[in-house]
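Single-structure report; data block below.
Computed from a prediction, not measured in an experiment: that's the story for all the values here.
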Amino acid sequence: MKQDTRYYWIALGILLSAIFGVALHKAWPILFPTISQSADVDPQCDLRDGPCTTRFPNGAWVSFSIEPRDIPVVKPLQLQVVIQGLDADKVEVDFAGTDMNMGFNRVTLSPASEPGVYNSGGMLPVCVRDAMEWEARVLIATAQGLVSVPYRFITVRPGVPLPERQ
């Protein structure tokens, strides 16, 4: 009898390992998409001042903005991406801490009535730090592949002064 239950436990272990492997295989492209074209971070961009625009050598450009401009955490945000010169199939914004893993935090934007304009609501998770640097990667799915455009910004707790820009 003990011999039979051991085989059941071994079979269960193999089955759970297989399920985990399939789940990891399916989730990998979502968590770590393959980027075909990536822009550099613009150090002069300050999303608190307004939209930031990134231009590509071929003349295409992407503009990104967040409202409200003080970019609070755990409060509703309005995200807007404006694209010119790229034919987008899908537009997402992926938020990640630059030096702290904040988990999966990606928002899919919806096309607006104007061509090339995409909007969505979003929210940043709370952080234990007084100030946190984030990177919002605008991910644009095109027929030629995934285009990534990064924008950096800092969030601060209420009452904490914004750190000086370097």
Which side-chain N or O atoms in residues 58-68 pair as donor and acceptor under 3.5 Å with protein atoms at least two apart or in another chain?
{"residue": "N58", "atom": "OD1", "partner": "A60", "partner atom": "N", "Å": "3.0"}
{"residue": "E67", "atom": "OE2", "partner": "R69", "partner atom": "NE", "Å": "3.4"}

What pairs of residues pass the salt bridge (charged side-chain N to carboxylate O under 4.0 Å, His left out) test when at least one of them lies in residues 15-25, not counting sequence neighbours?
none
One should read off an interatomic distance between I10 CD1 and T5 OG1, to the nearest 0.5 angstrom, of 9.5 Å
For Y118 and A88, which heavy atoms make the closest approach, and how far apart are they?
OH-CB, 3.6 Å
Q78: which residues meet the side-chain hydrogen bond (donor to acceptor under 3.5 Å, both in side chains) condition with it, sequence neighbours left out?
none
Consider only side-chain heavy atoms of I, L, V, M, F, W and Y, link residues closer than 4.5 Å, and tell whether V41 and F56 are in one cluster.
no
According to side-chain hydrogen bond (donor to acceptor under 3.5 Å, both in side chains), who are the partners of Y151, at least two apart in sequence or on a separate chain?
T54
Do M132 and M100 have side chains that approach each other closer than 4.5 Å (heavy atoms only, starting at C-beta)?
yes
Which atom of V107 lies closest to which atom of G121, heavy atoms considered:
CG1-O, 3.3 Å
Mind checking whether I83 and V91 have side chains closer than 4.5 Å, heavy atoms only?
yes
Which residues pass the salt bridge (Lys or Arg N to Asp or Glu O under 4.0 Å) test with D99, not counting sequence neighbours?
R129
Pairwise side-chain contact, I154 with V156, heavy-atom cut-off 4.5 Å (strictly under):
yes
Can you name the side chain to side chain contact (heavy atoms under 4.5 Å, CB included) partners of L12, sequence neighbours left out?
W9, L16
Quick one: do the T155 and W134 side chains pair a donor with an acceptor below 3.5 Å?
yes
Are the side chains of L124 and L77 in contact, using a 4.5 Å heavy-atom criterion?
yes
Restricting to side chain to side chain contact (heavy atoms under 4.5 Å, CB included), what partner residues turn up for V117, sequence neighbours left out?
Q80, V82, A112, E114, N119
Under the rule for side-chain hydrogen bond (donor to acceptor under 3.5 Å, both in side chains), what residues qualify as partners of D70, not counting sequence neighbours?
none
Taking only residues at least two apart or on different chains, which pairs with a member in residues 52-61 satisfy salt bridge (charged side-chain N to carboxylate O under 4.0 Å, His left out)?
none
Do you know which two heavy atoms are closest between N105 and P125, and how far apart they sit?
ND2-CD, 3.0 Å
Is there side-chain contact between D87 and T142, with heavy atoms separated by less than 4.5 Å?
no
Any residue meeting salt bridge (Lys or Arg N to Asp or Glu O under 4.0 Å) with E135, in chain and number order, not counting sequence neighbours
R152
Excluding sequence neighbours, so at least two apart, what forms side chain to side chain contact (heavy atoms under 4.5 Å, CB included) with V22?
K26
Could you pull out the closest heavy-atom pair between V93 and A136, with the gap in Å?
CG1-CB, 4.0 Å
Listed partners of T108 passing side-chain hydrogen bond (donor to acceptor under 3.5 Å, both in side chains), at least two apart
E92
Is L139 close to L146 at the side-chain level, that is, under 4.5 Å between some pair of heavy atoms?
yes
Verify side chain to side chain contact (heavy atoms under 4.5 Å, CB included) between L79 and F95, making sure each step is shown before the conclusion.
CA-CA 12 Å; L79 312 175; F95 292 104; 3.9 Å; yes
